[in-house]
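All remarks here apply to the structure that follows.
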Amino acid sequence: MNEFSNECIKIISSIPKGKVMSYGQIAILAGSPRGARQVVRLLHSSSDKYRLPWHRVINGQGKISLDLHSDGELQVQLLESEGIEIGLIGKIDINKYRWNPDCQ
DNA sequence: TGGATGACCTTAA
DNA sequence: ATTAAGGCCATCC
């Protein structure tokens with residue numbers, strides 16, 4: 001495991017309940033402005049192994065990148081359980097729920 | 001148009 | 001077989 005992946009895991013694990021982050025932001029905070037896809041891979045491949053709150057990670061548009069008919073629906077339910085308001089298209093108030101560990 | 005974003009695919013150990 | 005690491009270009013507003 002390299003440092004980047006480790007940072008990503010820490011950052012993602014640091015996302016508090018009721019907050020969400022985007023891939024790009026996590027990648028930047030992790031140290032790789034172009035490593036958003038690596039964050040994706042980590043979430044998709046090692047989410048269970050590392051116990052990452054993948055449901056709190058969405059795209060930069062504040063929407064669910066997953067299929068709302070499959071995993072996306074599950075994520076929507078999880079986010080709603082945390083108090084996050086989600087639109088019918090999976091739109092989330094990223095402006096309100098954006099989590100900035102650096103700013104915090 | 002242009003620029004930021006991305007829930008993958010491939011290779012190696 | 002599984003786990004881990006790495007990246008670039010099409011897509012959407």
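Excluded from the calculations below are hydrogen atoms, water molecules and symmetry mates; all remaining heavy atoms, backbone and side chain alike, are included. Convention: sequence-line order gives letters A, B, ...; per-chain numbering from 1.
Between the side chain of Glu80(A) and the backbone N or O of Gln75(A) there is no donor-acceptor pair closer than 3.5 Å. Between the side chain of Glu82(A) and the backbone N or O of Gly18(A) there is at least one donor-acceptor pair closer than 3.5 Å. Side-chain atoms of Arg56(A) come within 3.5 Å of backbone atoms of Ile15(A) as a donor-acceptor pair (strictly under, hydrogens ignored). Although no hydrogens or angles enter the test, the distance criterion places a donor-acceptor pair under 3.5 Å between the side chain of Asn2(A) and the main chain of Phe4(A). Judged by distance alone, with hydrogens and angles left aside, the side-chain atoms of Asp71(A) form no donor-acceptor pair with the main-chain N or O of Leu74(A) at under 3.5 Å.
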Which pairs, protein N/O on one side and nucleotides 2-4 of chain C N/O on the other, fall under 3.5 Å?
| residue | atom | partner | partner atom | Å |
| --- | --- | --- | --- | --- |
| dA4(C) | OP1 | Tyr50(A) | OH | 3.1 |

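Rounded to whole angstrom, the span from the CG atom of Leu66(A) across to the P atom of dG6(B) amounts to 12 Å. Spacing between atom NZ of Lys91(A) and atom P of dC13(C) amounts to 10 Å, rounded to whole angstrom units. Atom C1' of nucleotide dG6(B) and atom CD1 of Ile12(A) are separated by 14 Å, given to the nearest angstrom. Following rounding to the nearest Å, Ile94(A) (CD1) and dA4(B) (P) show an atom-to-atom distance of 18 Å. For Gln38(A) and dG6(B), the CD to P distance is 14 Å, given to the nearest whole Å. What separates CE of Met21(A) from P of dT5(B) is a distance of 12 Å, to the nearest Å. For the pair Leu43(A) CG and dT5(B) P, the interatomic distance rounds to 16 Å; values are reported in whole Å. A straight line from NE2 of His44(A) to P of dT10(B) spans 15 Å, rounded to a whole angstrom.
We find that Glu85(A) and Lys96(A) are joined by a salt bridge, their nearest charged nitrogen and carboxylate oxygen being less than 4.0 Å apart.
Within 4.0 Å (heavy atoms only), Val57(A) reaches at least one base atom of the nucleic acid.
Positionally, the nearest nucleotide of DNA chain C for Ala36(A) lies more toward the 5' end than for the other of Gln61(A) and Ala36(A). In terms of position on DNA chain C, the residue among Arg37(A) and Leu42(A) whose nearest nucleotide sits closer to the 5' end is Leu42(A).
Minimum heavy-atom separation, Leu79(A) to Val20(A): CD2-CG1, 4.0 Å.
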